[in-house]
Number of protein chains: 2
Amino acid sequence: MVASAGRARPAGGPAGKGSPGSGRAGEPARREGPDGAGAAPDRPVAGRVTSRDVARAAGVSQATVSLVLGDKWPGRVSERTAETVRAAARDLGYRPNLAARSLRLGRTRTVLLVVPALTTEFFARVYTGAERVAADHGFGVVLYPSPEGVGPARDPFDSARASLDGVIASSMAADALTLVRGGGLPLVMLDSDPDDAAAAATVNLDIADGARQTAGHLLALGHRRVAHLAAAVDSWTFHVRARALAEAVAGVPGAALCTEPAGLSVEEGRRAAERVLARPGRRPTALVCDDDILAAGACKAARRLGLRIPDDVSVTGFDDLALATAVEPELTTVRLPAEAVGAAGMRALMTLLEGETPQDTVLPVELVPRGSTAPPPRN
Amino acid sequence: MVASAGRARPAGGPAGKGSPGSGRAGEPARREGPDGAGAAPDRPVAGRVTSRDVARAAGVSQATVSLVLGDKWPGRVSERTAETVRAAARDLGYRPNLAARSLRLGRTRTVLLVVPALTTEFFARVYTGAERVAADHGFGVVLYPSPEGVGPARDPFDSARASLDGVIASSMAADALTLVRGGGLPLVMLDSDPDDAAAAATVNLDIADGARQTAGHLLALGHRRVAHLAAAVDSWTFHVRARALAEAVAGVPGAALCTEPAGLSVEEGRRAAERVLARPGRRPTALVCDDDILAAGACKAARRLGLRIPDDVSVTGFDDLALATAVEPELTTVRLPAEAVGAAGMRALMTLLEGETPQDTVLPVELVPRGSTAPPPRN
DNA sequence: GTGAAAGCGCTAACAT
DNA sequence: ATGTTAGCGCTTTCAC
């Protein structure tokens, strides 16, 4: 992995090349010139301070330095020497070379977080939670945004360029995980099928309950013709929404549900909603959208058709993004504890790395009623 | 402890998934005993295949393996042996140990991208562009979201746990860069003060021109009382917007500008806009917002005050996020070529790492007129 | 209590 | 054309 690069470059040029498997275009020519009279940037620039330098400065051996700085000295090194070492390290600005440590230890204290997209704050919050827990354990987190979230991920083990101790994958489409699976690394999946055999542990949101709460809210308001704007993404989290919603609606006599698929964008949401709302006759009075982005699109569709929200049609979202309160009216939506998901996921992974077996977790979600829902129109 | 957990749940048959053998460079299933039977090679369970294993399997030396897999064999190793080596590597599922390589080379082929926040797609796009270029050079990119975007960044060199060959920082607040600066690594700054001495190169958007285009658009429509909802963030990009806007407005006789600061959220944008619009007497007829999020807040404020957009008040944004077309009416805003910024930044860094001096770059931006702007009301 | 020594897996001089 | 060798900087027995 990835470690502290010390000297600028040893001598002679680096070698351009990608990973062994991929004969990628190498890096462009570099110039030689250890002897060039001119601008040879070739000096061991920051001749990085090594633990040996510290040892020398402190008048002890490298081993002692390692012991002290690794906090394993109690009972092996005298308090006084320990302090000397720490002082020397501080003075010299010593930073351990992570590559060397990783090589020696066989572990990197780095975890990869794979997310389908960078563009929504849901994943930003997942990251935040995961990072906090990781930091507590002395681990770092590297983000890997799977391109477009839906296509098969490019090889993170090559691309992230970090060697890893474990992987956390969130809300990935079913087919986007092939490579993550193959890594042979401890894997925790978030917001994903708990029965997936690839994951050693899962952390989930009670998505089904969120869908039920949404349905319950609308049904209680009196809605009987409900349309589901369903994300056209093949992942567990959306399948669950569809199923739970269908069941909830089916449980109420006289209630009917129709489903319209949509890509995850405002524009696609708008188009899907227009299709649904344009159906003559029994137009739905409520639109349940798989996320807030689709819901925003649905609102635009309604407005274009001259329908008022919530008077003529109610709209609900999912996620409670900033977008949910940016539109008018504000969206009734399901708030997901994203940070908690990230944190729980990282805890599970840490447990796993300690050789123990974490429990699968399910976190509760909460419907946030706002201005986009109301009783259906009279007629 | 910290037993490097092999696999908690052996990936048996993927329950819901088919096609296990994607034939990709992914890790082929571990072969049984490539290195001979009998003598129990006592391989430590997680024992990765090393280049030595490959050498043994191919009947050559480790050096040859390195040469072949490093694509520097032409002229030094026979085509036949090269093929043998490649085959052995493939069969064993060999993946080079990056820690070892980094240690040896003193370079990591990893770059850190520091961004102020994960929550907006602007940075997601910057990442995308940067990643693409990096991949072409055989480099990986690690993302470091500086907490909250404004506070001083925590130490990325520790936290990211990746040692780095270089750093790219985008749109950072002035005081958030201390640690990045101190890293002693080649640094490219994006959307930042080109005069900052810390950066070896900068890539900028022509933010000033964007502000001028916005001002020109509004002034041409006839607006004379303009308010600036200014991001309360101390970074170059926002200073430039303020200055250019002020100059443009000052250039038109009879035009006046007032400024209202706001934090970067819908809610704060709304409050700031309410303050501005509530001013009795000479209410501004146009609100120029430092980004689309603020603009969304401004729209909400207008609506709450019973003002119609764009009839009573015009609103403009900056960035052209998805949000810009999610609201009603859609926002007139300045589109920023985010991917191009990321790509240019990475190219500059690659140039830098090759020991040459990249040129500073300025990329053009474009005003996108939409429904949120119109001539000012008559009276 | 402290130091000496042995590598982790890789690459690049230097033999052969 | 291929093998041998010497480390990169670190942690960890094992001697003293």
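Letters A, B, ... mirror the listed sequences (proteins, then strands); counts begin at 1.
- You'll find the side chain of Leu353(A) reaches within 4.5 Å of the side chain of Asp165(A), heavy atoms only.
- Using a 4.0 Å heavy-atom cutoff across all strands shown, Ser78(B) reaches sugar-phosphate atoms only and no base atom.
- Across all strands, Gly70(A) comes closer than 4.0 Å to no nucleic acid atom at all (heavy-atom distances).
- If you check dA12(C), dT12(D), dC10(D) against the side chain of Lys72(A), the one that comes closest is dT12(D).
- For Leu105(B), the side-chain atoms get nearest to dT11(C) when compared with the rest of dT11(C), dG1(C), dT2(D).
- For dC10(D), neither phosphate oxygen OP1 nor OP2 lies less than 4.0 angstrom from any side-chain nitrogen or oxygen of Ser66(A).
- Per the geometry, CZ belonging to Arg104(B) stands 8 Å off C1' belonging to dA6(D), to the nearest Å.
- Put simply, Arg76(B) has no side-chain N or O that comes within less than 4.0 Å of OP1 or OP2 on dA1(D).
- Taking for each of Gly75(A) and Ala63(A) the nucleotide of DNA chain C with the nearest heavy atom, the 5'-most of the two is the partner of Gly75(A).
- In this entry the distance linking CD of Glu83(A) with P of dG1(C) reads 18 Å, nearest Å.
- Going from atom CZ of Arg80(B) over to atom C1' of dT2(D) covers 13 Å, rounded to whole Å.
- Remark: Arg347(A) pairs with no residue by the salt bridge (Lys or Arg N to Asp or Glu O under 4.0 Å) rule, at least two apart or across chains.
- Taking 4.0 angstrom as the limit, Thr50(B) places none of its side-chain polar atoms (N or O) nearer than this to OP1 or OP2 of dC8(C).
- Atom-to-atom, CG of Leu69(A) to C1' of dG9(D) comes out at 13 Å; the value is rounded to the nearest Å.
- Atom CZ of Arg101(A) and atom P of dC8(D) are 18 Å apart (whole Å).
- One finds the CD atom of Glu354(B) at 10.0 Å from the CG atom of Leu349(B) (value rounded to the nearest 0.5 Å).
- Whole-Å rounding puts the Leu67(A) CG to dA4(C) P distance at 15 Å.
- As rounded to whole Å, 9 Å separates atom C1' of dG7(C) from atom CG of Leu103(A).
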>> Could you go through Val141(B) and Tyr127(B), starting from their C-alpha distance and side-chain angles, then the distance that decides it, and tell me whether this counts as side-chain contact (heavy atoms from CB on, under 4.5 Å)?
In response: CA-CA 8 Å; Val141(B) 181; Tyr127(B) 171 87; 3.9 Å; yes
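- Per the geometry, CZ belonging to Arg56(A) stands 19 Å off P belonging to dT2(C), to the nearest Å.
- The side chain of Thr64(B) places an N or O atom within less than 4.0 Å of a non-bridging phosphate oxygen (OP1 or OP2) of dG3(D).
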> Does the side-chain contact (heavy atoms from CB on, under 4.5 Å) test come out yes or no for Met346(B) and Asp136(B), once each step is laid out?
Replying inline: CA-CA 10 Å; Met346(B) 187 59 71; Asp136(B) 288 346; over 6 Å; no
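- Side-chain proximity of Ser61(B) to the nucleotides dT13(D), dT4(D), dG9(D) is greatest for dT4(D).
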